[in-house]
Engineer: 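Here it is, the structure in full.
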Amino acid sequence: MGTHLVLFRDVQGHAVALEDRCRHRNIPLSQGKVINGKIECPYHGWCYHADGNIAEIPANAHLSERVYPVGISSFHCVEQDDYVWVCLSNQPANPKPVPFPNYAESGWVSFHMKTRFNASVDACLENFLDCPHATYVHRGWFRSPTKKKVEATVRTLEDGAEVEYFEEPRVKSAVWSLLSSKKASMKHTDRFIAPATSTVDYVFSNNVHYKITSSCTPIEKNITEVYTVVTFKVKWFSHLVRLYFQPLSKLIIRQDVNILQAQADNVKKFSGEQFSVIETDVLYKLIKQWRLAMHSNHEPPIAGEERKIEISL
Ligand code: FES
Ligand SMILES: [Fe+2]
């Protein structure tokens, strides 16, 4: 979001985020040193408290702190699920960041991915929650085209929207052939959680679960850093499953990076978007409406609405 931060820990071990710019000659404090929970600038050694106020100016050590210039901005931080979340407003974020479901719970195994997309947050969210693309972009890995008719229910929620798919085809899929029994039935739910999280949730009738949660951070308008946690629960050899699933997930997300790069390049070439939106672009409109409402302080889509659709996968 164009705000440059330095992150460190105070004496109690709490995460601290300050503007990454020394008040004196604007050197990035991230090139400095942390000393007893304060951060020291590498140029003339000005030292900052966790609240951004100046703690020490070595050349003026004979003066009292009270006569020092004003310090730098500090931002509220929350540590959750092994991530540090920084709120760029001067008020703490309310509600708290969306948790990564089942992360670090006993019986579940997780791994993290951090992926940079040359795409807007909207485009990333749509991609992560779009079922039909998997048949083409991830052909053979995740899904292969069968044109099987699948029923889906789309619901608007208090904090976003979801779509639930019933019995989608799993044939010729490298992921599902290894990770799920053919006999077990599968329920798949894609969910958008405002403002910038997607969850893809697979539950099998034999108590096997896979959840892919991605949180999108806008770096610039068309550059998004995506933090993904893949969490799963299998009956046995979960760490071996992870050895297989982790590189595979990286490969699959690379395919998404490439297709969204192609989209961005072409939108630029044609000087703007010209999209057709059809009924089976299931969550596209709801994501757009939500994000637009949040940007402009308008009411988001009303929760509790439900519709059924048919989609061929
Ligand atoms: S620039 Fe940071 S102390 Fe001078
Ligand atoms: Fe994808």
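When a ligand or atom number is given, it counts from 1 through the structure's own listing order.
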Engineer: Do we see a donor-acceptor contact under 3.5 Å between the side chains of K233 and N102?
Structural biologist: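 There is no such pair (donor and acceptor under 3.5 Å, judged by atom type) between the side chains of K233 and N102.
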Engineer: Can you give me the NE2-the Fe ion (ligand 2)-OD1 angle for H138 and D256, to 10°?
Structural biologist: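 Centred on the Fe ion (ligand 2), the NE2/OD1 angle is 90° (to 10°).
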Engineer: H44: which N/O/S atom is nearest atom 4 (Fe) of ligand 1?
Structural biologist: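 Atom name returned: ND1.
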Engineer: Go through the side-chain N and O atoms of K308 and T153 and say whether any donor and acceptor fall under 3.5 Å apart.
Structural biologist: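 Note: K308 and T153 side chains meet the donor-acceptor criterion.
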Engineer: Suppose I only count heavy atoms of C41 and a 4.0 Å limit; which atoms of ligand 1 are within that range?
Structural biologist: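 Here the atoms of ligand 1 in question are 1 (S), 2 (Fe), 3 (S).
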Engineer: Are any side-chain N or O atoms of T135 and backbone N or O atoms of L313, one a donor and one an acceptor, separated by less than 3.5 Å?
Structural biologist: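 Absent.
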Engineer: Tell me yes or no: between the side chains of D256 and H138, is some donor less than 3.5 Å from an acceptor?
Structural biologist: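 H138 and D256 do have a side-chain donor-acceptor pair below 3.5 Å.
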Engineer: Taking the side chain as everything from C-beta on, heavy atoms only, tell me whether S249 gets closer than 4.5 Å to M113.
Structural biologist: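 When only atoms from C-beta onward are counted, M113 and S249 do touch, with a gap below 4.5 Å.
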Engineer: Heavy atoms only: which of R25, Q31, R21, R23 is nearest to atom 1 (S) of ligand 1?
Structural biologist: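 Comparing heavy atoms across R25, Q31, R21, R23, the nearest one to atom 1 (S) of ligand 1 lies in R25.
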Engineer: Is it the case that Y103 and D82 place a side-chain donor and acceptor less than 3.5 Å from each other?
Structural biologist: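 Side chains of Y103 and D82: pair found under 3.5 Å.
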Engineer: By number and element, which atoms of ligand 1 are closer than 4.0 Å to a non-hydrogen atom of C22?
Structural biologist: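 It comes down to these atoms of ligand 1: 1 (S), 2 (Fe), 3 (S).
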Engineer: Answer yes or no for H24: is there an N/O/S atom below the 2.8 Å cut-off from atom 4 (Fe) of ligand 1?
Structural biologist: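 Yes, within the cut-off.
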Engineer: Heavy-atom contacts with I27 under 4.0 Å: which atoms of ligand 1 show up? List them by number with element.
Structural biologist: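 Within the 4.0 Å cut-off of I27, ligand 1 contributes 1 (S).
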